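Written below as C-alpha cells is the structure these notes are about.
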Amino acid sequence: MIGYVTLGTNDLPRAAAFYDALAAELGTGRMMEFDNFIAWGTPGGAAGIGLTKPFDGNPASVGNGVMVALEAKDSAQVDRLHAIAIAHGGTCEGPCGPRGDGGFYAGYFRDPDGNKLNAFVMAA
C-alpha cells in the first residue's frame, strides 16, 4: 500500500549523499529525481524513501514520533547500515542489538537533518 515515505531536508545535496550510501548497502538506488526531490527504491518493489525541500518554502522540521524503518536482510547488515549512517553525518539514537524476546534486532539513528530512522531485521 505505501509506495514511498517522504522526509524533509534543508540541504538536499548533503542528505542525498547520506541516503545514497544507505541505498547502496540495501542494493537499490535512486528511482525518481526532480529539482528539489529525490526518492530511492525499486519501482514495483517494496516502499521507497524520498527527500524534499518543503514545497511551502519554510524550513524542514522533524516530526516528533515519526520514524522510517529500513528492513535489512540480517543482523550484520543492520550493523553495517548503522555504521554507514554514522559515517555519513548521522547520529546514534540507539546502538544495534536485540529488542525484546521476539527476534527483533535493530539499530536507531538520525539523518543529518534530524529525521529518525532504524535498520532492523525480524527473525522468522
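Since this is a predicted model, take the numbers as computed values, not measurements.
One hydrophobic cluster, built from ILVMFWY side chains closer than 4.5 Å, cannot hold both F18 and V78; they sit in different ones. Linking Ile, Leu, Val, Met, Phe, Trp and Tyr residues whenever their side-chain heavy atoms come within less than 4.5 Å leaves F109 and V66 in two separate clusters. Hydrophobic clustering of Ile, Leu, Val, Met, Phe, Trp and Tyr side chains at less than 4.5 Å, counting indirect connections, keeps Y108 apart from V121.
Taking the six-membered ring for Trp and the full ring otherwise, Y105 and F120 have centroids separated by 6.0 Å or more.
When only modelled atom types and interatomic distance are considered, T52 and N36 share no side-chain donor-acceptor pair under 3.5 Å. There is no side-chain donor-acceptor pair under 3.5 Å between D113 and N115.
No side-chain donor-acceptor contact under 3.5 Å links D111 to the backbone of G90. With R14 contributing its side chain and L12 its backbone, the two residues share no donor-acceptor pair below 3.5 Å.
In this structure, the side chains of I86 and C92 come closer than 4.5 Å at one or more pairs of heavy atoms. Two residues are said to be in side-chain contact when any heavy atoms from C-beta on lie closer than 4.5 Å; Y19 and I38 fail this criterion. Residues R110 and V62 have side chains in contact (heavy-atom distance under 4.5 Å, counting atoms from C-beta outward).
Alongside Y4, the hydrophobic cluster contains M31, M32, F34, F37 (criterion: ILVMFWY side chains under 4.5 Å).
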